[in-house]
Amino acid sequence: MTRTFWVGGNWKMNGSVASIKDIVGQFNAGSSPSNVEVVIGAPYVYIPLLAESLRKEWAVAGENCYIKSSGAYTGEISPEMLADVGAKWVILGHSERRNILKESDDFTAQKVVKALESGLKVVLCVGELLEERKAGTTQTVVNRQLAAVIKVAKESDWANIVIAYEPVWAIGTGEVATPDQAQEVHAAIRKYLETEVSAKVAEETRITYGGSVNANNCKETAQKPDVDGFLVGGASLKPEFLDIIKATQ
């Protein structure tokens, strides 16, 4: 089967009303291939602005959510709230939440299930630290992160999950996994899904790459058979994001 190429932006804790109006204006004026699915992840407070102003064939994502619908959880945001203000997706398990905020694999998996139950689609981030890559445990780490979700998700849930492989050592560092390194891990993830879930899920699930992706380095990686797109950080705040979504064109 042909998996639809998927490109997401993750603005992280960046942006202002003025800067978002500016970049959205540039995104809306540019060309976007009809055979590429595009999603922009924004800070909670800017999701309504983005959902209202962004070109309608692109979708909006939250960058995190909680495991409950409502209640006494000061400062948290439920997936239902994200959907209520226009988000269609949510980014979960990003390394900055796993490593800075110490969110566990199991907690991330609970978020994934709750988000899916609430009607959001999920970008599930996985990836290894530099010391883990040097120790040769990349796939052990990635499989452990995936296993937590596999344990609690239904097979049908995977139709609404995009995996983002993001080697932590390549995020915001300027270091980029080579196309062959990305392909190696993506192929191993697909094999793991085949073994632990099903051949259908392995074949159909989109596995994207993230980690200092920009317009200059994306084209070769996009040609790899198991790379189904990108999750883009800093470059998604710039007009060059339009070039990244055309990586396969």
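The residues of the chain are indexed from 1 along the displayed sequence. Because the structure is a prediction, the values reported are computed rather than measured.
Residue Glu76 qualifies as enclosed at atom CD: its count of foreign heavy atoms under 6.0 Å is above 12. Within 6.0 Å of atom NZ in Lys219, more than 12 heavy atoms from other residues, nucleotides or ligands are found, so the atom counts as buried in its surroundings.
In this model, a donor atom of one side chain and an acceptor atom of the other lie less than 3.5 Å apart for Glu128 and Trp169. Counting only N and O atoms by type, the side chains of Asn35 and Gln249 include a donor and acceptor under 3.5 Å apart. Side-chain contact annotation: Ser198 with Glu155, donor-acceptor N/O pair under 3.5 Å present. Side-chain contact, Glu166 with His94: a donor N or O sits under 3.5 Å from an acceptor N or O.
Under the salt bridge (charged side-chain N to carboxylate O under 4.0 Å, His left out) criterion, the residue pairs touching residues 98-109 are Arg97-Glu103, Arg98-Asp105, Glu103-Lys111, Asp105-Arg144, Asp106-Lys151, with sequence neighbours excluded. Counting only residues at least two apart or in different chains, side chain to side chain donor-acceptor pair (under 3.5 Å) contacts with residues 229-245 are absent. Sorted by first and then second residue, the pairs that involve residues 65-88 and meet ring-ring contact (aromatic ring centres under 6.0 Å, His included), not counting sequence neighbours, are Tyr66-Tyr73. Sorted by first and then second residue, the salt bridge (charged side-chain N to carboxylate O under 4.0 Å, His left out) pairs with a member in residues 18-35 form an empty list; sequence neighbours excluded.
In summary, Lys12 and Glu96 engage in a salt bridge, as defined by a charged side-chain N under 4.0 Å from a carboxylate O. With salt bridges taken as basic N to acidic carboxylate O contacts below 4.0 Å, one links Lys114 and Glu80. Comment: Lys200 engages Glu204 in a salt bridge, judged by a side-chain N to carboxylate O separation of less than 4.0 angstrom.
Between the side chain of Thr221 and the backbone N or O of Cys218 there is no donor-acceptor pair closer than 3.5 Å. Judged purely by atom type and a 3.5 angstrom limit, Thr173 uses its side chain to pair as donor or acceptor with the backbone of Glu175. For the pair Asn217 (side chain) and Ser212 (backbone), a donor-acceptor distance under 3.5 Å is present. Proximity of a side-chain donor or acceptor of Asp228 to a complementary backbone N or O of Ile207 within less than 3.5 Å is detected. Using a distance-only test at 3.5 Å, with no hydrogens or angles considered, no donor-acceptor pair links the side chain of Tyr192 to the main chain of Ala202. Checking side-chain atoms of Asn160 against main-chain N and O of Asp157 turns up no donor-acceptor pair under 3.5 Å. A distance-only check finds a donor-acceptor pair linking the side chain of Lys56 to the backbone of Glu52 [under 3.5 Å].
Evaluated for a side-chain contact (heavy atoms from CB on, under 4.5 Å) with Gln145, the options Ile163, Leu124, Val126, Thr140 yield exactly one hit, Val126.
In this structure, Leu116 is not a member of the same hydrophobic cluster as Val113, with clusters built from ILVMFWY side-chain heavy atoms closer than 4.5 Å. Hydrophobic clustering (ILVMFWY, side-chain heavy atoms < 4.5 Å, transitive): Val141 and Tyr165 are in distinct clusters. Side-chain heavy atoms closer than 4.5 Å link hydrophobic residues (I, L, V, M, F, W, Y) into clusters, and following such links, possibly through other members, connects Val60 to Val45. Grouping the Ile, Leu, Val, Met, Phe, Trp and Tyr side chains by contacts below 4.5 angstrom, directly or via other members, places Leu92 apart from Phe107. Tracing side-chain contacts under 4.5 Å through hydrophobic residues (I, L, V, M, F, W, Y), one never reaches Ile67 starting from Tyr44; they form parts of separate clusters.
Using a 4.5 Å cut-off on side-chain heavy atoms (C-beta onward), Leu82 and Ile47 make contact. Counting heavy atoms from C-beta outward, Trp11 and Ile20 have side chains that approach closer than 4.5 Å. A 4.5 Å side-chain heavy-atom check between Val90 and Glu63 finds every atom pair outside the cut-off. Under the 4.5 Å side-chain criterion, counting only non-hydrogen atoms from C-beta, Arg3 is in contact with Glu203. Side-chain contact between Val176 and Gln181: absent, with no pair of heavy atoms (C-beta onward) separated by less than 4.5 Å. Taking the side chain as every heavy atom from C-beta outward, Thr4 and Val36 never approach each other to under 4.5 Å. Looking at heavy atoms from C-beta onward, Val17 lies in side-chain contact with Leu49 at the 4.5 angstrom threshold. Contact check for Phe241 versus Pro239: no side-chain heavy atoms found under the 4.5 Å cut-off.
Below 30°, between 30° and 60°, or above 60°: for His186 and Tyr209 the angle between ring planes is between 30° and 60°, a tilted geometry. Relative orientation of the Phe230 and Phe5 rings is perpendicular, given thresholds of 30° and 60° on the angle between their planes.
Annotation for Val39: hydrophobic cluster partners, listed by chain and number, are Trp6, Trp89, Ile91, Val123, Val162, Leu231 (ILVMFWY side-chain heavy atoms under 4.5 Å, direct or chained). Taking a 4.5 Å side-chain heavy-atom cut-off between Ile, Leu, Val, Met, Phe, Trp and Tyr, the cluster of Val168 extends to Leu129.
Rounding to the nearest 0.5 angstrom, the gap separating the CG atom in Asn10 from the SG atom in Cys125 is 7.0 Å.
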